[in-house]
> 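Questions regarding the structure given below will be posed in turn.
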Amino acid sequence: MSTDRRSRVLALWCPDWPAVAAAAAAEIPASSPVAVVSANRVVACSATARAEGVRRGGRRRESQARCPELYVARADPDRDARLFEPVASAVDEVVPGIEVLRPGLLLLSARGAARYFGSEEAAAERLVDTVAAVGVECQVGIADEVSTAVVAARHGAIVPRGSGAQFLAPLPVAELSAEPSLAAPERVDLVDLLVRLGLRTVGDFGALSPVDVASRFGTDAVLAHRSARGEPERPPSARVLPPDLEVEYRCDPPIDRVDAAAFAGRALAERLHVTLSAAAVACTRLLVQATTANGEHLSRTWRCAEPLTPEGTADRVRWQLDGWLTGRSENKPTAGIVLLRLEPVEVVSAGALQLGLWGGVGDEDERARRALVRVQGLLGGDAVQVGVLSGGRGPGERVTILPWGDEPVPDADPSAPWPGRLPSPSPSALMPTRPEIAVTDESGVAVQVTERGMFDRVPGRVDWGSRSWVLHGWAGPWAADERWWDLGATSTARQVARAQVLLEDTRALLVLHDGGRWFVEGIYE
């Protein structure tokens, strides 16, 4: 896809949303100093509170000492989601197809909005006015990638096509961890480490080699590095959705209370994840739908940076139902909910969310990843390597070895046709040094492979060093004419053949005929 036709992303961000929602719930002016606390620490505060010295991460008493008139509220994700629903509904009426990242931040495709309103600038102005009519301030950012668009929204900027890296380069590296819905929890520690290493801007981090980042920091650092360089992020999944993944719950009697809706949502989330597990997939975009007794249809899409867990799904369903049932939106249902439906819009392989051996979601895998990254930090990036299925004719060629954390890109396309490829099964062990052996017939005459890819005599014995075996069977040979087009002075063209031979001790060897000599390429145990 050419760059000028690539889909653009519009991010709409409501600053300090937990503080704004807390002020609205307490019915105090939005201009009042407000702080939202969790575990006695400030997790969000209003601009007025920041002007008085209140900061995120500060202690509650210290914040109250700096601003005596500070209104303090407890963190409440349900409240944040419930009060954000009117904003999401207002935006959805203007530009359908929004995706909620979290309460206070949503995404949509900029292409349709720009076409309808005439330009990206006009679309941004219209959305700001729409949200202002609800009584909330917001900022809009537009860019090529999701993470860049979210950063642009924080700065109220429209990033030209192909200029994401240039826009991000002068910004503080802390911008990479400013949005928790797009970053792993360890991103904050990564940013702190980068600052201590002297990498103070996003451009400094982006200038590093991708191999160095992958070998020294870990998986989330690779994602952060791609964001810093403005490179394409996770596109919509190309995986075809398996049939019958959606689940639904018919409510009898109709649900009109939040507690009943939360109970039904949790049960439905558990059913959904049982269905996803059976299909070996995990959900990254979830569509929540509800139908009321009066025939009203409500829907909202939630987008997640990581595959949803059962708990994460239940939280989003609860938040959405709370917003519909008790919010101040004009789309508030006029009757109870009679049908609740969850539909995965995008799924990934279940390997992205594998259950641990001792319970939990990925706990043991996460510990293993951290241990491997630690080994790389001590011994170097090449100390931990993984195999990726590649294309080729021989078993050794069909595996590309890469350092842990690198993108799993094979040297050759495994789905391409490979004439002369060794049939399954592959050897259980490969011989990287390929020791030379002798393959002879029963009278001791060396066996060769003709130009037509046939044995010139029947194989009868194999001599490997000081040992000798009588053959009980053989298969092949499979001839391969490799790089036949390379006919220069330094030609790499070669004609080889592979065969499987069964020894008298029931073991089998994969042998390679190359240049009139025989070598052991693998062993079947």
Side-chain angles (χ1 to χ4, degrees), residues 11-26 28-84 87 100-106 136-139 141 146-157 168 170-196 199-202 205 220-221 224 227-228 305-306 315 319:
L12 188 145
W13 173 62
C14 299
D16 311 316
W17 180 254
V20 172
I28 63 176
S31 59
S32 303
V34 178
V36 179
V37 299
S38 176
N40 212 34
R41 294 279 186 177
V42 176
V43 295
C45 58
S46 63
T48 309
R50 281 195 298 275
E52 297 294 332
V54 179
R55 294 291 182 269
R56 285 192 304 173
R59 293 185 178 276
R60 173 175 178 169
R61 289 189 177 276
E62 179 185 357
S63 301
Q64 290 176 316
R66 293 184 177 185
C67 182
E69 63 274 17
L70 182 69
Y71 174 76
V72 179
R74 293 187 178 276
D76 186 354
D78 294 351
R79 174 194 63 209
D80 299 343
R82 179 177 67 252
L83 296 179
F84 187 64
V87 177
V100 180
L101 272 177
R102 61 165 176 82
L105 178 63
L106 57 83
V136 177
E137 295 183 357
C138 74
Q139 295 180 187
V146 171
S147 61
T148 309
V150 170
V151 175
R154 292 178 174 273
H155 294 268
L168 295 171
L171 300 179
V173 72
E175 291 282 1
L176 297 175
S177 63
E179 180 47 58
S181 63
L182 294 177
E186 60 267 21
R187 182 73 62 85
V188 175
D189 296 333
L190 170 67
V191 169
D192 180 66
L193 176 59
L194 294 177
V195 172
R196 287 187 280 116
L199 305 174
R200 302 185 181 278
T201 67
V202 177
F205 181 48
D220 183 64
S227 299
E306 297 181 349
D315 286 342
W319 296 342

> Can a donor-acceptor pair be found, under 3.5 Å and without considering hydrogens, that links the side chain of S46 to the backbone of D16?
no
> Mark yes or no for whether E52, through its side chain, and C67, through its backbone, hold a donor-acceptor pair below 3.5 Å.
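Absent.
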> Hey, is the main chain of G57 close enough, under 3.5 Å, to the side chain of R41 for a donor-acceptor pair?
yes
> Would you check, one step at a time, whether the test side chain to side chain contact (heavy atoms under 4.5 Å, CB included) holds for T201 with V173?
CA-CA 4 Å; T201 67; V173 72; 5.9 Å; no
> Hey, is the main chain of R79 close enough, under 3.5 Å, to the side chain of D76 for a donor-acceptor pair?
yes
> Say you draw a straight line from CG of L105 to CG of L12; how long is it, rounded to the nearest 0.5 Å?
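Rounded to the nearest 0.5 Å, the CG-CG separation comes out at 8.0 Å.
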> Under the side-chain hydrogen bond (donor to acceptor under 3.5 Å, both in side chains) rule, collect the residues that match up with E62, sequence neighbours excluded.
R66
> Looking at side-chain heavy atoms only, is the closest gap between E69 and P33 below 4.5 Å?
yes
> Does the side chain of V72 come within less than 4.5 Å of Q64's, by heavy atoms?
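Of all side-chain heavy-atom pairs linking V72 with Q64, at least one is under 4.5 Å.
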> Between V146 and L182, is any pair of side-chain heavy atoms under 4.5 Å apart?
yes
> Just checking, is any N or O donor in the side chain of D80 or W17 under 3.5 Å from an acceptor N or O on the other one?
no
> Give the C-alpha distance, both sets of side-chain angles, the deciding distance and a yes or no for side chain to side chain contact (heavy atoms under 4.5 Å, CB included) between D192 and V195.
CA-CA 5 Å; D192 180 66; V195 172; 5.5 Å; no
> Checking S63 side chain against R59 main chain: does a donor-acceptor pair fall under 3.5 Å?
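Yes, S63 side chain to R59 backbone: donor-acceptor pair under 3.5 Å.
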> Looking at residues at least two apart in the chain, or sitting in another chain, which of them share a side-chain contact (heavy atoms from CB on, under 4.5 Å) with P170?
none
> Find out whether W319 and D78 are in side-chain contact, i.e. whether some heavy atom of one side chain is under 4.5 Å from a heavy atom of the other.
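SC-SC contact between W319 and D78 confirmed.
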> Taking all heavy atoms of T48 and all of S31, pick out the closest pair and write down the distance.
OG1-O, 2.8 Å
> Is the closest side-chain heavy-atom distance between V54 and L70 below 4.5 Å?
yes
> Quick one: closest heavy-atom pair of H155 and V151, and the distance?
CD2-O, 3.1 Å
> What's the separation between atom CZ in F205 and atom CG in L190, rounded to the nearest 0.5 Å?
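So the CZ of F205 and the CG of L190 are separated by 5.5 Å.
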> Distance from L176 atom CG to L194 atom CG, nearest 0.5 Å?
7.5 Å
> What's the spacing between R102 CZ and C14 SG if we round to 0.5 Å?
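R102 atom CZ to C14 atom SG measures 9.0 Å (nearest 0.5 Å).
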> Do L106 and L101 touch side chain to side chain, with heavy atoms closer than 4.5 Å?
no
> Would you name the heavy atoms of G156 and Q139 that are closest together and state the gap between them?
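Minimum heavy-atom separation between G156 and Q139: N-NE2, 3.6 Å.
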> How far apart are the closest heavy atoms of A73 and A22, and which atoms are they?
CB-CB, 3.7 Å
> For R154, which residues count as a side-chain hydrogen bond (donor to acceptor under 3.5 Å, both in side chains) partner, sequence neighbours excluded?
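Counting only residues at least two positions away or on another chain, R154 forms a side-chain hydrogen bond (donor to acceptor under 3.5 Å, both in side chains) with E179.
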> L168 and S227: which non-hydrogen atoms are nearest, and at how many Å?
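Result for this residue pair: CD1-O, 3.1 Å.
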> Is it the case that more than 12 heavy atoms not belonging to R56 sit under 6.0 Å from its CZ atom?
no
> Of all heavy-atom pairs between S38 and V43, which one has the smallest distance, and what is that distance?
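For S38 and V43, the tightest heavy-atom pair comes out as CB-CG1, 3.9 Å.
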